[in-house]
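Remarks on the structure that follows.
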Amino acid sequence: MLQDTRKLLSTISEKLEKADSFYEAMPEIEPDLLAYLQSERVTVYTRGRHTKEIVAKYKSGEDLKEIRVPLSTTSIAGYVALSQKALTIEDVYNERELKLIHEDLEFNKDFDVKSGFRTQSMLVIPIKYKDVFLGVLQALNKESGLKYNEGDIQHALEIAEVLGQNFRYELRGTKSPYDHLVISKKISGDKLKSLLERAQNEGATPEDLIVGEGGITRSDLGESYSRYYQVPFMGFDPYHTIPAELMKGINIAYLRQTVWVPVEGSRDGEVTILIDDPSNASKIMEIQRTLPAKSYAFKVGFKDDILKYLGQGGGSGAGPTDLKDLVGKLQEEIEDVETIEEDYDEANEDEATVIQLVNKIIVEAFKERASDIHIEPGKGKTNATVRIRVDGECRSALSIPFTHVRAVISRIKIMSGLDISERRKPQDGKCVVKFQGNPIELRVATLPTVHGESAVMRILASSEPLPLEKLNFSDRNLEGIKASVASPHGVLLVVGPTGSGKTTTLHSILGYINTPEKKIWTAEDPVEITQPGLQQMQMKPEIGLNFASALRSFLRADPDVIMIGEMRDHETAHIGIEASLTGHLVFSTLHTNSAPETITRLLDLELDPVSFSDALLAVLAQRLVRTLCGECKEEYVIPEDEFTLLKRYYGEEYFDELDVKANETKIFKPKGCEKCGNTGYRGRTGIHELLVSTPEIKNLIYKKADVSEIKAAAIRGGMRTLMQDGIQKLFKGQTDIAQIRKVASA
């Protein structure tokens, strides 16, 4: 039997080699092919370079003249074309069997209805030359009603290899992505071999060397790619618009890492994908999962061109107003580097390109969930760097030509109502940019540096306060805060470094107590969050309106609750304490590291310890930690060594309250996926440390005790430190110890 099979394969190969064309050979080899596959019928699909479907090049019977199948998970041949994996089906009419392969998979019964042939079992194999997809071999109905097995798959793969060899020559395919350059005499074989070897040894890309030193144009190299991968080539077009619908919900960082971008079409029809390696079947199936559509077409492109469409390295993907395209326009304006100093100030902040660039920087940062945008000038003729902070960590976004940095900064100043003629002093302002009809509010700071002005824009995440229950407080901390703010008078402080969410927490607390019965005044610099029912005042130090003067004014305006942006000096702190002792509830912030340290810091401002101890309700210290991505975080049983470390960090005398055990309790670690940009983390949450004023704490304040005594008393009273609160959230699966250690000390 094996000998007969080998003989059939040899016969088929010989007939294909002798024939002038594949189509002419098929009628002659059909009996041998059916015998070899033990099937009733066979269909061979091919995909030409410039077609978006696979087409039946040959099929048994004379029932239908042509079958065209899109590259889609809805058809069997189309699914194999996408996945490039062998597939066997026992009964194509069994919908459950098809859905187990893929939820969208269907069998088109129209072919059977028109032909009168009843399809049952099916064996479908991708036809490839090396890794390049060329077509699909589809065998129907194994003889004697049997199922196709692994042996049949192996036989089909062997015949598919023979067909692949034939398709390659008939479709004018090549052996490698660069062969067509040699065939068309664009470059010699020896020169190409030398450049490829150098690329491998020097760590350079073959494309860079072939274009840079081989004298090959990018279009010629693109044609060579097209010949090899059997799909059209597409270069970068700065005026090509990527449909916004296709990019919705897809992480840009993920696309950059996997090097593909949707360039045409719609999700309810056909989507064209530009990809650097169309032979990568696993990537193609991942594309299908990431961007579901009815069908797919593929084009091959250079990696750097794809990254340009994704806003990296010289262009972006939503038309000529995109970030990298705009930067490219600016670069084109630099004609002579030697005389650039003479033209340094010629860029105008009112130029359309500069206006578009600034707007686009803000919008793209907003899309990436950034909290801050940093524009940093370089030394001399070095381009400026734009960095964004996402989930607390900075990452590079793009560079701006040094000739236009001053114009960009000036444009930001104009938007923020700042003085563009003053470049020697820091300035602060606020601006709003609209995106899809919604305002993006930004707090802007410009600062002089040795290389020129730098700008930092903080994106204010929301103008609405979050509900108190949404801030991820522990039950003890939430109850303590609610009990504290239920008092008619006293002082509650929220402390932490810049960017730790103090303002968000304060406004959530204000939102909790904000009722028609309460008159609430706030003094803020700047006003970031607004809510109805509050009388909010923006500080203006240039006219003498600071926290201390605002606080004195509030006391004459019949308040119930006062919120002061920061107790940064003795005068403000003293007036705040006095206001609380005269029947007002006072909220404020400080930049301190812990709740106990806040008490000693205020005592250092020479507050009266008796008044301070009577006024203090609570101190809430907080930090923001990165949270594990909910899509990809990996569960594991905590090992003994990690358990011991966490026990030491938490405090052995309190660790039993967590009710966790080594080698039993499960926690999580980061992995990385498309949703989180392969970082393993997405978003941030708060960890908290709430010191509630007790008789023991009041007595220590009166005695001006040191930080360690106050901390020990607070812990005895139920306070849990930032580290302890973070470890509690670690065991809830929200974060890991590495992130906690970045912001909290044991």
Side-chain angles (χ1 to χ4, degrees), residues 311 316 318 321-323 326-327 330 347-377 384-390 394 397-400 404-449 452-465 498-499 501-504 507 522-531 534 536-543 545 565:
S316 185
T321 59
D322 276 282
L323 274 178
L326 290 169
V327 173
L330 299 184
N348 190 319
E349 62 272 6
D350 293 325
E351 288 180 5
T353 304
V354 173
I355 294 171
Q356 292 171 3
L357 176 61
V358 172
N359 289 341
K360 201 65 184 177
I361 287 172
I362 296 169
V363 169
E364 290 299 323
F366 178 78
K367 288 180 181 178
E368 292 286 320
R369 303 180 300 107
S371 59
D372 300 271
I373 305 166
H374 301 259
I375 300 176
E376 303 164 340
T385 299
V386 177
R387 296 194 293 164
I388 60 175
R389 188 183 296 277
V390 180
C394 280
L398 74 155
S399 64
I400 300 173
H404 288 69
V405 179
R406 188 175 290 181
V408 168
I409 298 293
S410 294
R411 177 61 193 168
I412 293 170
K413 284 181 169 183
I414 291 171
M415 294 168 64
S416 309
L418 304 179
D419 183 359
I420 64 172
S421 65
E422 179 56 74
R423 297 171 179 168
R424 300 166 299 169
K425 296 179 181 179
Q427 296 186 66
D428 298 309
K430 195 173 182 181
C431 69
V432 178
V433 172
K434 280 197 172 184
F435 173 58
Q436 295 180 346
N438 299 313
I440 303 173
E441 296 185 61
L442 301 104
R443 189 169 71 191
V444 178
T446 62
L447 303 96
T449 74
E453 274 191 296
S454 174
V456 178
M457 295 181 281
R458 167 157 292 184
I459 299 174
L460 307 182
S462 173
S463 60
E464 298 289 333
T498 300
K502 299 186 297 297
T503 302
T504 299
H507 270 278
T522 75
E524 302 171 71
D525 188 21
V527 176
E528 296 183 14
I529 300 173
T530 59
Q531 52 179 306
L534 270 59
Q536 296 174 261
M537 185 182 292
Q538 169 71 51
M539 297 299 94
K540 297 180 180 178
E542 65 273 14
I543 61 171
L545 180 56

Open item on the list: Restricting to non-hydrogen atoms, name the atom on L357 and the atom on V408 that form the minimum distance, rounded to 0.1 Å.
Closed with: CD2-CG2, 4.0 Å
- [ ] Measure the spacing between NZ of K413 and OG1 of T446 and express it to the nearest 0.5 Å.
- [x] 5.0 Å
Task: Spatial distance of atom CD1 (I414) from atom CD1 (I355) [nearest 0.5 Å] - done: 8.0 Å
TODO: Indicate yes or no: at least one non-hydrogen side-chain atom of Q536 is less than 4.5 angstrom from one of H507.
DONE: yes
Open item on the list: For the backbone of D419 and the side chain of Q427, can you confirm whether one donor and one acceptor N or O come within less than 3.5 Å of each other?
Closed with: yes
Task: Distance, nearest 0.5 Å, that separates CE of M457 from CZ of R443 - done: 13.5 Å
Task: Check: T530 and E441 side chains under 4.5 Å, non-hydrogen atoms - done: no
- [ ] Output yes when a side-chain donor or acceptor of S454 lies under 3.5 Å from a complementary backbone atom of I375, and no otherwise.
- [x] yes
Task: Over all atoms of both residues, closest heavy-atom pair of E422 and K425 - done: OE2-N, 3.4 Å
TODO: Grab the two heavy atoms, one from S410 and one from I420, that are nearest each other, plus how far apart they are.
DONE: O-CG2, 3.7 Å
Open item on the list: Between E364 (side chain only) and F366 (backbone N and O only), is there a donor and an acceptor less than 3.5 Å apart?
Closed with: no
- [ ] Could you tell me whether R406 and E453 have a side-chain N and a carboxylate O separated by less than 4.0 Å?
- [x] no
TODO: Going by the side-chain contact (heavy atoms from CB on, under 4.5 Å) test, name the single residue among I361, V358, I409, V354 that passes it with I400.
DONE: I361
Open item on the list: Just so I know, are the side chains of M415 and L442 near enough to count as touching, which here means a heavy-atom distance under 4.5 Å?
Closed with: no
Open item on the list: Rounded to the nearest 0.5 Å, what separates atom NZ in K540 from atom CG in D525?
Closed with: 11.0 Å
- [ ] Report yes if some heavy atom in the side chain of T498 is under 4.5 Å from a heavy atom in the side chain of R458; otherwise report no.
- [x] yes
- [ ] Heavy atoms only: give me the nearest I362-I373 pair and the separation to one decimal.
- [x] CA-CD1, 3.9 Å
TODO: State whether the side chain of Q538 and the backbone N or O of V527 hold a donor-acceptor pair below 3.5 Å, judged by distance alone.
DONE: yes
Task: Residues that T449 engages under side-chain hydrogen bond (donor to acceptor under 3.5 Å, both in side chains), provided they are two or more places apart - done: none
Open item on the list: So which atom in R423 and which in P448 form the shortest heavy-atom distance, rounded to 0.1 Å?
Closed with: O-CB, 3.6 Å
Open item on the list: What's the separation between atom CZ in R369 and atom CD1 in I388, rounded to the nearest 0.5 Å?
Closed with: 9.5 Å
Open item on the list: Within this structure, what is the OG-CZ distance for the pair S416 and R411, rounded to the nearest 0.5 Å?
Closed with: 9.5 Å
